[in-house]
A.B. asks: 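My structure is below; once you've seen it, I'll send some questions.
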Amino acid sequence: MSSAETSTEALEAREYFKGISDSVCGIVEAERAPRIWYPAFAAALCVAGVLVVSLYILLTVGTGIWGNNNSEAWAWPIVNFVFWVGIGHAGTLISAVLFLMRQKWRTSINRAAEAMTIFAVICAGLFPVIHTGRPWLAYWLLPIPNDMAIWPQFRSPLAWDVFAVSTYMTVSILFWFMGLVPDFATLRDRTKSNVKHTIYGILALGWRGSARQWHRYERAYLIMAALATPLVFSVHSVVSFDFAVGQLPGWHTTIFPPYFVAGAIFSGFAMVLTLLVPARAIFNMKHIITDQHVENMCKVILATGSMVGFAYGTEFFIAWYSGNAYEGFTFLNRAFGPFAWAYWTMITCNVLVPQFFWFKKIRTSPFIIVGLCILVNVGMWFERFVIIVTSLTRSFMPGSWHYFSPTMFDASIFIGSFGLFFTLFLLFLRFMPMIAMFEVKGASPHAHAGVKHH
Amino acid sequence: MSSSDTILRPEEKTTAGPGVAKTQSFGIGAGIVLLLGAVAWGFALGDGMQRFFHGYLVAFTYFSSIALGALFFVLIMHLMGAKWSVSIRRIAELLTQAFPLLGILSAAIWLPMMLGNDNLYIWTNHEFMETNHLVHAKSGYLNPIFFAARQVLYFALWIGISNYFFKTSCKQDEGGDDDATRRMAKWAAPAMFIFAFSCAFFAFDMLMSIEPEWFSTMFGVVYFAGACISIFALLVLIPLALQRSGRLVHSITVEHYHDVGKLLFAFVFFWGYVAFSQFMLIWGANIPEETGYFLKRWFEGGETGLNLGEMGIWAKITLVMLAMHFIIPFLLLMSRHSKRRVHILAGFSVWMLFWHYLDLYWQVMPALNNHHTWGLAEKSPVFGMLPLDMLLWVGMGLLFMGTVAGKFRKVNLIPIKDPGLAQSLKFENQ
Amino acid sequence: MSHDKPNDQVEDKLYGLLAEYESPGALIEAANEVRKAGYTKFDCHSPFPVHGIDPAMGIKPTILPVIVWAAGIAGLGLAILMQTWMNNWTYPWNIGGKPLFSLPMQIPIAFEVTVLLAAFATFFGMWGLNKLPQLWHPLFGNDRFVEKAMCHGFFVAIEAEDPKFDDEATKATLQEAGATAIEEVRYKTSKKHRALPNGVIAFMVMSVCLALVPFAYIAKKRASKSDKPHIHVVPNMDFQAKAKPQAASNMFPDGRASRVPVEGSVARGELKADDHFYRGITGGEWATEFPKEIALSAETMERGQNRFDIYCAPCHGLNGAGAGMINQRAEAVGATATGWVAPSNIGQESFAKQPHGQLFNTVGHGIRSMPGYGSQIREADRWAIVFYLRALQRSAHSTIDDVPAGDKPAIR
């Protein structure tokens with residue numbers, strides 16, 4: 001290569017790097033957000049208001065405002081919990097698992113997906129806490145020395161849940177923040193405002209992109225990814241243990257851990273697509289989050305949706321094969337009992353809907369993708385509903401059989417949690433770099449500009 | 001990157017050497033002799049071949065798991081469009097060519113069953129089925145005709161799928177048709193779907209139904225995890241053997257070994273995860289119809305408790321397996337160094353191949369005296385006839401090796417015209 | 001963002017030389033050259049990690065994995081110890097018949113805590129090894145660095161403290177390595193220039209103080225008394241519109257919330273007027289007949305046997321001879337010495353002579369150390385038991401002649 005060629009190559013690379021910084025930081029630095037951001041934020045805030053009001057009523061009146069009752073003690077709050085935790089799996093999966101598998105396309109979406117994870121886990125954490133009935137005593141779940149000299153019951157999967165979800169939350173935040181630091185440094189060095197310079201300066205911890213620091217940083221990132229990968233698997237496995245350790249027909253089945261994990265990834269990716277397909281159009285990010293990336297995510301949804309379908313099939317077969325009358329009844333009851341409508345909604349949305357992603361035409365039409373992804377999440381909510389409600393309303397004692405009906409407050413708190421989620425997510429889009437700039441730069445072919453091959 | 005002829009170094013040898021032909025003739029010859037010897041020995045025991053069939057089942061599911069793992073590897077790599085693995089993919093493709101042999105070997109399980117030999121699966125015994133209502137309720141599924149039909153179906157599917165991918169890939173060697181890669185990626189998806197169900201049900205049929213009262217939805221996944229462990233172990237050992245004989249010296253680098261090592265590590269962990277989940281859920285729920293499986297594999301021939309002196313042999317084997325199949329390889333393979341030093345990695349591969357055999361042995365052999373428990377046969381000592389089991393394992397292994405070696409002779413050991421080969425050759429772990 | 005005052009007399013010290021390179025590749029080569037030239041105190045700066053720069057600069061692998069390993073092992077041990085200590089030793093509580101030390105059930109938390117501590121070690125260990133946060137650095141005073149280093153520039157910085165540093169020679173080295181620009185980086189030595197702005201410090205101090213307020217408030221409230229009633233978070237649960245047993249009420253003259261039922265009230269289904277059926281008494285004597293509600297049929301006999309086997313057999317034995325499981329165990333552990341009264345042999349003469357009503361009464365109310373079973377066994381079933389007792393008593397005195405002719409060979 002002649003030196004003139006090298007210079008052109010280097011120039012192109014530098015322009016590409018600057019272009020990435022300009023377009024990503026541009027969103028954060030802009031005086032005004034894109035016009036649609038404001039009504040969206042107002043709407044999200046209103047829905048979050050519904051949550052606040054519902055929670056106020058819940059706290060002052062008590063959990064009797066829900067449809068929960070003696071035999072259906074879990075009902076919607078736990079359905080919502082599992083739903084949100086599931087959604088919270090895609091972020092860390094994209095950051096960690098795809099990182100370990102060297103899927104470079106992840107760099108364009110991992111930041112937003114990680115943010116989504118954290119907000120989804122916040123929404124998820126809300127539900128078991130309010131489901132305790134006296135949330136101001138929720139710290140009793142933790143092993144804290146106390147006057148009564150009692151300790152948590154570690155043989156209960158519910159205690160595992162506390163550890164799993166809080167560990168997941170903590171590690172997700174650490175991972176997210178670690179990824180943000182170099183990008184905060186970019187923002188710090190670009191801003192002209194003193195206040196922003198101070199805030200970004202503190203958040204960037206004085207990062208100066210030194211190779212000696214990058215060396216440890218990359219090592220740490222790799223270790224974090226290696227730790228987060230089994231963690232992602234463990235969290236939803238532990239959530240599945242909440243059910244599977246018990247003896248209730250329809251809950252106690254050994255395939256639950258991997259099946260829940262696949263379902264979580266499935267719903268998480270669907271949520272990522274639901275959010276990012278519109279976001280990349282609004283913020284003009286189509287050159288960074290490309291059609292190829294969207295297609296890849298559609299394929300992941302197709303794959304995990306099929307895994308979930310595989311688990312449904314296995315469960316149904318083994319329910320018959322086990323020769324256990326209760327197990328067999330539970331599954332027939334799911335499919336043909338009073339909640340058959342929920343069961344078939346689940347099957348349609350989780351097994352049939354993703355099959356549309358076989359077609360390239362569908363994988364490349366944004367509106368259809370978003371529509372299908374919303375259906376997938378509807379299906380995944382119903383999956384948890386079917387597991388929890390059908391098993392509890394048809395437990396061993398026919399005396400406690402009944403039909404479960406939710407109340408207005410079940411719905412308002414669930415819908416309100418979407419308000420909280422979207423409020424946080426819209427704030428993130430507006431005030432933080434929604435794309436990991438340094439990773440996109442490092443993963444691009446330009447990162448090798450001027451490197452001589454030996 | 002276009003597929004040109006200059007990707008590989010000119011001095012690279014991509015076809016198998018004379019040693020492979022020897023392996024083929026020796027493997028097939030010795031394998032058949034040893035297996036016939038085992039048949040004679042099993043017949044001479046006069047227990048209606050009961051002992052023979054159990055050992056045979058372990059060996060058969062062991063080598064089936066290798067071929068299934070290879071098929072999975074081929075499919076997943078096409079499905080994900082992985083480039084790094086291109087240079088070792090042909091070896092996995094060649095291993096899937098063992099399916100016709102395995103299909104023939106499977107007949108030794110279902111044919112005697114259809115001819116009325118009921119000494120392997122207790123559910124083939126009429127007397128048992130008439131008295132045991134729980135298992136009798138499954139007779140629509142667990143009956144010799146349907147069982148045999150399923151085995152034929154599984155092997156037909158597997159032979160069909162593996163042949164398609166093998167032949168298409170070999171054809172690409174000649175013409176350099178880039179479109180073939182795209183076609184294979186497309187067909188890998190439905191093939192994977194078929195693979196998932198057939199692999200799980202194969203495990204249910206062959207291994208889970210040996211304890212017909214027991215059931216676990218996770219069972220197929222555990223078998224699949226073992227299959228992956230065995231293929232990744234072989235994907236270290238076979239390339240190493242080929243490189244020793246001067247083949248593919250430049251095409252397979254420490255980076256490939258490192259990645260296969262990572263996958264081996266990942267599946268050791270995955271095996272631990274699914275096997276533990278299966279055990280813990282059953283232990284925790286403590287439902288009698290489920291715990292029997294583990295109780296038999298813990299208390300048989302010993303006392304309760306954790307006192308080593310009083311423990312039965314199966315309890316000891318269980319603990320040893322926990323350490324050897326999971327904890328030790330998990331801890332030692334975690335390090336980057338043990339995955340990049342090819343000889344250490346090869347050592348672990350041999351290690352895992354051995355413990356994978358024991359895993360299957362642990363699943364099958366405690367069922368050996370099921371017939372005795374129901375008063376249908378004499379009690380058979382489990383370890384008294386260990387040499388017969390070993391003979392079956394080695395004999396079938398030689399036959400497997402010889403058959404696969406025969407396939408190695410005929411084709412390139414690397415997909416020389418695959419569009420992803422160039423990337424695979426210069427691939428580096430970061 | 002500190003602003004220099006004109007009279008600020010501080011030394012302007014040389015930090016080192018900063019050279020810019022045009023591409024990642026050029027940076028790697030420059031790093032290689034600088035290292036070969038023998039410099040040790042130098043660093044490269046780039047907006048993203050440049051691959052291949054570690055060997056070029058001679059960076060040794062970090063010790064971080066070792067720290068993470070140690071923290072992970074510590075987490076594992078800590079979690080097992082914590083669960084064992086809490087569930088085995090200080091608070092042993094039997095749940096679902098699981099052993100107090102249930103290792104399989106400890107694994108999930110052990111795993112989570114291992115990951116948590118390892119993640120903390122990774123996160124804090126990495127910042128610690130990188131000596132961050134360090135908000136002040138001489139390079140941040142260089143405009144070129146600030147403009148490009150985090151965006152699209154590739155820099156090598158050689159510190160003046162390097163033993164080989166020599167202004168001209170170092171410049172030449174950097175130039176030869178292909179630098180597109182070389183600048184001297186100087187900085188003010190006074191501490192004031194490195195300090196955080198006062199506003200930031202004030203903000204941090206205030207936040208910390210404010211964050212302590214709730215805890216201080218709780219601590220104060222815990223340690224002090226108050227006349228006010230405590231806060232009712234859920235008033236609907238705390239104040240329910242109902243009268244509780246034994247509570248006072250202004251509504252009634254006697255001031256009690258609980259009311260005495262009207263004289264002669266009988267709860268539904270509790271009238272039990274039929275002395276024969278409910279008490280086994282006819283005309284003031286123990287009934288000698290079965291009440292008319294009891295059909296003297298094979299079904300009643302079976303029902304009686306069934307109830308007997310459940311309620312009576314544990315002590316009296318299946319044949320009523322008094323050798324039930326409980327009695328066997330009591331004798332085995334030597335309870336007879338400490339006052340165990342052996343259950344009677346139902347077949348004995350004195351019982352056989354008792355009227356039906358008396359036996360019925362014994363089943364319902366007990367006798368000597370035998371408790372009454374009236375609360376567990378409904379009347380009809382008690383009569384069925386009595387019916388079965390008669391059969392047992394009959395069988396206790398049976399002879400071979402009682403056996404039907406056809407069955408005789410079977411018991412010989």
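In this text, all values refer to a predicted model and were calculated from it rather than measured experimentally. Just so it is clear: chains get the letters A, B, ... in the order the sequence lines come, proteins before strands, and each one is counted from 1. Note: hydrogens, waters and symmetry copies are ignored here, and every other heavy atom, side chains too, is used.
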A.B. asks: In terms of heavy-atom contacts, does CG of B:L331 have more than 12 from other residues, nucleotides or ligands at under 6.0 Å?
C.D. replies: yes
A.B. asks: If contact means a heavy atom pair closer than 4.5 Å, which residues of residues 269-291 of chain B contact chain C?
C.D. replies: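 Near chain C, by residue number: B:F269, B:F276, B:F279, B:M280, B:W283, B:G284.
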A.B. asks: Is C:P99 close to chain B through its backbone or its side chain, or both, or neither, when contacts mean heavy atoms under 4.5 Å?
C.D. replies: side chain
A.B. asks: More than 12 foreign heavy atoms under 6.0 Å from CZ of B:R341: is that the case here?
C.D. replies: no
A.B. asks: For C:W340, what residues pass the ring-ring contact (aromatic ring centres under 6.0 Å, His included) criterion, not counting sequence neighbours?
C.D. replies: none
A.B. asks: Surrounding CD of C:Q134 (heavy atoms of other residues, nucleotides or ligands, distance under 6.0 Å), is the total greater than 12?
C.D. replies: yes
